[in-house]
Amino acid sequence: MSTTVSFEVPSPNGPRSVTVSYARVGRGEPLLLLHGIGHHLQVWDPVVDILATERDVIAVDLPGFGASPALPDGLAYDLPTTTAVFGAFCEALGLDRPHVAGNSLGGLLALELGREKLARSVTALSPAGFWSEAERRYAFGVLIAMRRISRQLPLPLVERLSRSAAGRTMLTSTIYARPGRRSPEAVVAETLALAQATGFDATLRAGGSVRFADDIPGIPVTVAWGTRDMLLVRRQGVRAKRIIPKARLVRLPGCGHCPMNDDPALVSRVILDGSRGPTPARDGHAEPQRA
């Protein structure tokens, strides 16, 4: 069950009130989970219970996505503003530099929180921001097409498609390598989340010029990439390793762009290992990726 918290964020015209929806479960050191563009906090459902055995897990809906309202006038959907939003969110919840894990856009935000020294460790799953211009244009084109389709499909058709593995594959195979594993209810909910995301267009526009180009010294950083990521190709992980030389680069065999659903046990272990420090992976499934 999710709840909300409101807090103030500075803007050029004075403080603005922002409200964020989140779900919290578990005990231990805090772990903040950030989803990608067009998604919602439920994308983390396959791994939350595993993570909650060792961590105080806080999964959030980014502003303008899921159940979180759009940002108020005066606040942009750019990286500095969103980073400030989550700095204020952590302060409102009394989170002292949580561990942060994110996927896609959420992975980029997690890295930025680490760069700003607002996180004690970072795990980024297929993070945005390490693309070439051609790769960025391709990814944005796919996202725009997915958004258009989600808004055009009548809900009864989405519900009917979700009842079969073939239908779930049609709706979600761009982001999942094993879409048949996703429940019908989850597929319907995330299709609606993409269609109704008020922050989608502004976030995509702001992301056009984004490149992550700074090292993140002083904290453990893990960058993990699915071998079957069809949205952000895995060679971008090699670029991330060059930019963040001490990062642990992990291969996720058989996983797509949102690997939490494709292999929950592996992704949970990668996140937990990453939040313990730069510990080597314990078996061949989570091995360092080579250039």
Side-chain angles (χ1 to χ4, degrees), residues 25-36 43-44 46-60 86 90 95-130 212 214-227 229 232 234 236-290:
V25 64
R27 298 176 63 184
E29 294 180 351
L31 169 63
L32 182 64
L33 301 179
L34 304 174
H35 64 76
V43 72
W44 297 100
V47 299
V48 161
D49 287 345
I50 304 173
L51 298 174
T53 62
E54 298 187 32
R55 295 285 178 264
D56 173 12
V57 180
I58 307 99
V60 303
F86 282 105
C90 290
L95 305 177
D96 180 21
R97 294 180 68 237
H99 301 285
V100 185
N103 174 225
S104 197
L105 168 62
L108 171 63
L109 293 172
L111 291 166
E112 186 68 10
L113 288 167
R115 192 182 70 83
E116 293 291 330
K117 305 193 184 307
L118 296 172
R120 67 182 75 180
S121 76
V122 170
T123 302
L125 309 173
S126 294
F130 297 99
F212 196 89
D214 295 326
D215 192 10
I216 306 177
I219 64 170
V221 175
T222 299
V223 176
W225 231 282
T227 60
D229 192 329
L232 299 179
R234 61 176 177 165
Q236 295 173 37
V238 178
R239 294 189 198 122
K241 174 67 174 174
R242 291 175 185 147
I243 291 166
I244 312 169
K246 292 186 178 179
R248 182 178 64 137
L249 183 57
V250 175
R251 180 174 64 93
L252 304 175
C255 290
H257 184 62
C258 297
M260 302 81 78
N261 183 76
D262 290 327
D263 196 334
L266 173 59
V267 171
S268 297
R269 188 171 74 247
V270 168
I271 292 173
L272 290 172
D273 284 351
S275 67
R276 294 186 187 107
T279 305
R282 289 192 291 269
D283 61 40
H285 290 292
E287 62 193 28
Q289 182 175 322
R290 287 167 172 62

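All values derive from a computational prediction rather than experimental measurement.
Using a 4.5 Å cut-off on side-chain heavy atoms (C-beta onward), L51 and L33 make contact. At a threshold of 4.5 Å between non-hydrogen side-chain atoms, the residues L118 and C90 do not count as touching. The closest side-chain heavy-atom distance from S275 to R55 is below 4.5 Å. Side-chain contact between R248 and V270 is present, with at least one heavy-atom pair separated by less than 4.5 Å. Taking 4.5 Å as the limit, every side-chain heavy atom of D229 sits out of range of all side-chain heavy atoms of Q236.
Panel note: side chain T227, backbone G254; a donor-acceptor pair is recorded below 3.5 Å. Without hydrogens or angle criteria, N103 side chain to H257 main chain gives a donor-acceptor distance under 3.5 Å. Side chain of R120 to main chain of D96: a donor-acceptor pair is present (N/O by atom type, distance under 3.5 Å, no hydrogens or angles). For T53 (side chain) and I50 (main-chain N/O), a donor-acceptor pair under 3.5 Å exists by modelled atom type.
Here the CG atom belonging to L249 is positioned 7.0 Å from the NZ atom belonging to K241, to the nearest 0.5 angstrom. Expressed to the nearest 0.5 Å, how far CZ of R97 lies from CG of L113 amounts to 11.0 Å. Note: H99 NE2 to T123 OG1 = 9.0 Å, rounded to the nearest 0.5 Å. To the nearest 0.5 Å, the span separating NE2 on H35 from CG on L109 amounts to 9.5 Å. With values rounded to the nearest 0.5 angstrom, I216 atom CD1 is found 8.0 Å from E112 atom CD.
Nearest heavy atoms, A247 versus V223: CB-CG2, 4.5 Å. Nearest heavy atom pair, residue C255 against residue D263, reads SG-CB, 3.7 Å. D215 and P245 make their closest contact through OD1-CD, 3.6 Å (heavy atoms, listed as atom of the first residue, atom of the second, distance). When all heavy atoms of I244 and D214 are compared, the closest pair comes out as CG1-O, 4.0 Å. Considering all non-hydrogen atoms of both residues, P46 and P264 come closest at O-CB, 3.5 Å. Taking every heavy atom of both residues into account, P253 and L266 meet most closely at CD-CD2, 3.9 Å.
By the 30° and 60° cut-offs, the orientation of the rings of F130 relative to W225 is perpendicular.
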Item to check | L34 vs V100, side chain to side chain contact (heavy atoms under 4.5 Å, CB included): CA-CA, chis, key distance, verdict | outcome: CA-CA 8 Å; L34 304 174; V100 185; 3.8 Å; yes
Item to check | Working for side chain to side chain contact (heavy atoms under 4.5 Å, CB included), residues L31 and I271 | outcome: CA-CA 9 Å; L31 169 63; I271 292 173; 3.9 Å; yes
Next on the checklist: F86 vs V60, test: side chain to side chain contact (heavy atoms under 4.5 Å, CB included). Steps then yes/no.
Outcome noted: CA-CA 10 Å; F86 282 105; V60 303; 3.5 Å; yes
